[in-house]
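Take a look at the structure below.
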Protein chains: 2
Amino acid sequence: MTAATEPARPRRSDATRAAILQAARDRFAAEGYERATIRAIAADARIDPSMVMRYYGNKEGLFAAAAEFDLRLPDLTAVPPGQLGEVLIRHFLDRWEGDETLAALLRAASTNPGAADRMRTIFADQITAAVAAFGTDPATAARRAGLVAAQTLGLAFTRYIVQLPPMVTMTPEELIAWVAPTLQRYLTGLPEN
Amino acid sequence: MTAATEPARPRRSDATRAAILQAARDRFAAEGYERATIRAIAADARIDPSMVMRYYGNKEGLFAAAAEFDLRLPDLTAVPPGQLGEVLIRHFLDRWEGDETLAALLRAASTNPGAADRMRTIFADQITAAVAAFGTDPATAARRAGLVAAQTLGLAFTRYIVQLPPMVTMTPEELIAWVAPTLQRYLTGLPEN
DNA sequence: ACCGTAGGCCAACGCCCGTTGACATTCCAG
DNA sequence: CTGGAATGTCAACGGGCGTTGGCCTACGGT
């Protein structure tokens with residue numbers, strides 16, 4: 001061992017790796033898993049396709065690296081219970097406007113089983129954990145999390161993927177005003193209130 | 001002309017055409033546009049791939065025929081205004097459980113521009129028309145239709161495509177109980193009610 | 001009974017894909 | 001200064017895809 005346990009020796013190829021990842025995110029987000037080709041990604045990153053294979057193994061490995069995704073949910077226990085809906089939708093919009101990773105994941109999850117699995121894990125686990133954390137009935141926490149995921153993913157799907165005109169036109173603040181009460185009821189309300 | 005203007009002479013190939021269309025819907029719904037291959041569809045229909053080309057021109061034409069889709073929205077003017085949300089979500093679930101055309105359209109719209117365009121048209125036009133029909137402010141009708149589309153498509157996406165466990169487990173009646181008030185507010189309520 | 005024609009199959013084309021292995025270049029530790 | 005590892009290029013492979021055109025078959029109107 002040259003240093004300690006070679007903790008963070010910067011490799012010369014880090015720039016290339018990053019360029020590949022950025023190009024991959026762009027392509028996956030814009031075209032989905034199957035239309036985004038390794039050749040096109042490599043061309044965007046100005047390197048040879050074989051480098052992609054060397055660094056990420058295969059196309060699936062590349063996607064796994066490019067679609068690394070964390071909802072970064074805030075601590076909901078610190079939020080006044082009446083504002084949970086607004087805090088959540090505001091967070092999601094903040095998190096997603098300008099980060100195409102979610103678009104990549106959404107497009108890919110529609111056709112790629114592995115990506116769908118990852119999406120299931122992310123949303124089921126992370127949202128359920130956040131919802132369960134502030135003391136709702138654990139039995140209904142999963143259901144509430146599912147409904148929140150359905151509404152937020154529907155928003156993302158119509159705004160970023162299908163680009164339904166009214167959903168694209170609305171400002172984040174307008175969306176928040178409409179959707180916050182929905183999430184609030186899914187989180188703390190009762191069905192058919 | 002043998003008959004009148006040859007109105008409905010049944011062709012011998014109608015059965016084949018129908019078999020192709022059914023196989024196409026199955027494959028497009030299960031695998032999306034790019035993974036569903038003409039060869040596999042033809043094999044399912046037990047005919048030669050070239051027949052698909054003869055009858056539908058090319059892959060896009062086949063998809064267009066297979067994804068012919070009508071929301072078949074009921075006449076909302078005949079519904080008591082207070083029950084609009086429930087009627088709508090009940091209709092959608094009825095319409096979609098067991099018809100895979102929507103799944104095909106959803107999967108394809110994620111990656112295929114033509115399919116996305118069709119989805120935009122279907123939801124923007126049909127829902128906007130239905131919403132505008134019962135006398136809401138025309139200026140907000142498009143927005144309300146967009147929000148309804150976002151919620152219902154999010155439900156479909158999480159239940160039929162990603163198959164989030166809680167969204168798959170819930171019965172239609174449970175879903176109706178939760179989602180009906182949401183649609184009701186999107187249709188007749190005010191933001192941040 | 002005939003024969004045009006619609007229905008169907010087969011073989012092949014050109015293309016692009018993911019992936020591989022051999023080779024060239026650059027870096028840097030000893 | 002030098003040799004091995006890291007970085008990168010090049011050319012090719014096998015395979016699957018959409019699509020085409022030629023050929024065979026069997027129906028059905030006359």
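Source: prediction; values computed, not measured. Residue numbering restarts at 1 for every chain, and letters A, B, ... go by the order of the sequence lines.
- Nearest-nucleotide positions on DNA chain C for A:G57 and A:R35 put A:R35 closer to the 5' end.
- A straight line from CZ of A:R17 to C1' of D:dA6 spans 11 Å, rounded to a whole angstrom.
- Closest to the B:T16 side chain, of the nucleotides C:dG18, C:dG8, C:dT19, is C:dG8.
- Of the candidate nucleotides C:dG8, D:dT7, C:dT19, D:dT7 has the atom nearest to the side chain of A:Y55.
- A salt bridge links B:R159 with B:E97: at least one charged nitrogen is closer than 4.0 Å to a carboxylate oxygen.
- Cation-pi geometry between B:R17 and B:Y55 is met: under 6.0 angstrom from the ring centre, within 45 degrees of the axis.
- Rounded to a whole Å, the CE atom of A:M51 is 14 Å from the P atom of C:dT26.
- In this structure, NZ of A:K59 is placed 17 Å from C1' of C:dT20, rounded to the nearest angstrom.
- B:E60 places its CD atom 14 Å from the C1' atom of D:dT19, with the value rounded to the nearest Å.
- You'll find that the side chain of B:R54 is closest to C:dC9, out of C:dT19, C:dC9, D:dT19.
- Distance CG (A:L62) to C1' (C:dC17): 15 Å, rounded to an integer number of Å.
- Nearest nucleotide to the side chain of A:M53, out of D:dC17, C:dT20, C:dC9: C:dT20.
- Rounding to whole angstrom units, CD1 of residue A:I38 and P of C:dG18 are separated by 5 Å.
- Counting only distance, with no hydrogens or angles, the side chain of B:Q151 and the backbone of B:T182 share no donor-acceptor pair below 3.5 Å.
- Relative to the side chain of B:D48, the nucleotides C:dC10, C:dA12, D:dG8 differ in distance, and C:dC10 lies closest.
- Across all strands, A:S50 comes closer than 4.0 Å to base atoms (heavy-atom distances).
- Rounded to an integer number of Å, the gap from A:I41 CD1 to C:dC16 P is 17 Å.
- With salt bridges taken as basic N to acidic carboxylate O contacts below 4.0 Å, none links A:R90 and A:D94.
- Between B:R120 and B:D117 there is a salt bridge, with a side-chain nitrogen of the basic residue lying less than 4.0 Å from a carboxylate oxygen of the acidic one.
- For D:dG18, its base sits under 3.5 Å from the side chain of B:R39 at one donor and acceptor pair at least.
- Listed nucleotides: D:dT19, C:dC17, C:dC9. Nearest to the side chain of B:I47: C:dC9.
- Across C:dG8, D:dT9, C:dC17, the shortest atom-to-atom separation from the side chain of A:T37 is found for C:dC17.
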